[in-house]
Amino acid sequence: MSSLDEVRRIVHDVPRGQVITYGEIAALIQTSPRHAGRLVSQLGDGSPWWRVVYSDGSPATCHNGAAPSMLAHEAIPMCGDRVDIRRARAHRPKA
DNA sequence: GTTATGACTCCAG
DNA sequence: ACTGGAGCCATAA
């Protein structure tokens, strides 16, 4: 089981209408936040990468800023230009 | 084995 | 609240 699978499962485990931070993923797989983002990028387009946001709720800076659009389309609680991480933050999948 | 890079986060100003 | 700099781990060359 590679960390990539772990991340992929976590990202897929995030219910619609909620998001998860890179730091949360990094903590779950026991690695640094730097690698967390890298793994999510490697997931490809087959996973809801847009549900993964920064620790302060800002969406990923990639995809030419398409993430906010996806978040809004997913009925994610947003606060201005950032996600309302306070409300949308997904809890741990509880292994 | 070493160097360079990346979808991050934290601390200080 | 915003900006800038440093740290970190893994993969690729």
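Labels below follow one simple rule: chain letters A, B, ... track the order of the sequence lines, proteins then strands, and each chain is numbered from 1.
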Q: Expressed as a whole number of angstroms, how long is the span from A:His35:NE2 to C:dA12:P?
A: 9 Å

Q: Report the residue (A:Thr31 or A:Arg82) whose heavy-atom-nearest nucleotide on DNA chain C is the more 5′ of the two.
A: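 This one resolves to A:Arg82.
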
Q: Is the backbone of A:Val14 close enough, under 3.5 Å, to the side chain of A:Arg51 for a donor and an acceptor to pair up by distance?
A: yes

Q: Please state how far atom CG in A:Asp56 lies from atom P in B:dC10, giving the value in whole angstrom units.
A: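 So the CG-P distance, A:Asp56 to B:dC10, works out to 9 Å.
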
Q: Return the value, rounded to whole Å, for the distance between atom NE2 of A:His63 and atom P of B:dA7.
A: 10 Å

Q: With DNA chain C as reference, determine whether A:Pro33 or A:Gln42 sits nearer its 5' end, using the nearest nucleotide of each.
A: A:Pro33

Q: Please report, rounded to the nearest Å, how far the P atom of B:dT9 is from the CG atom of A:Leu28.
A: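 Answer to the nearest Å: 13 Å.
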
Q: Rounded off to whole Å, could you give me the CG-to-C1' distance for the A:Leu39 and C:dC8 pair?
A: 13 Å

Q: Could you tell me the separation between the CD1 atom of A:Ile25 and the CD atom of A:Glu6, rounded to the nearest 0.5 Å?
A: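 So the CD1 of A:Ile25 and the CD of A:Glu6 are separated by 11.5 Å.
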
Q: I want to verify a distance call: between B:dA7, C:dC9, B:dT9, whose nearest atom is closest to the A:Cys62 side chain?
A: B:dA7

Q: Rounded off to whole Å, could you give me the CZ-to-P distance for the A:Arg38 and C:dT11 pair?
A: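 Result: 8 Å.
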
Q: Using whole Å, what does the distance between atom P of nucleotide B:dA7 and atom CD1 of A:Ile29 come to?
A: 16 Å

Q: Can you see if the side chain of A:Ser41 gets near the phosphate of B:dG6 - specifically, an N or O under 4.0 Å from OP1 or OP2?
A: no

Q: Ring centroids only, cut at 6.0 angstrom: are A:Trp49 and A:His63 within range, meaning strictly under it?
A: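 Under 6.0 Å, so yes.
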
Q: Provide the closest heavy-atom pair for A:Tyr54 versus A:Thr21 in the form atom of the first, atom of the second, distance.
A: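 Minimum heavy-atom contact is O-CG2, 3.5 Å.
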
Q: What nucleic acid atoms does A:Tyr54 come within less than 4.0 Å of, heavy atoms only: base, sugar-phosphate, or nothing?
A: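 Sugar-phosphate, no base atom in range.
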
Q: Report the distance from atom CD1 of A:Ile20 to atom P of B:dA7, rounded to the nearest whole Å.
A: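 Checked: the CD1 to P distance equals 19 Å.
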
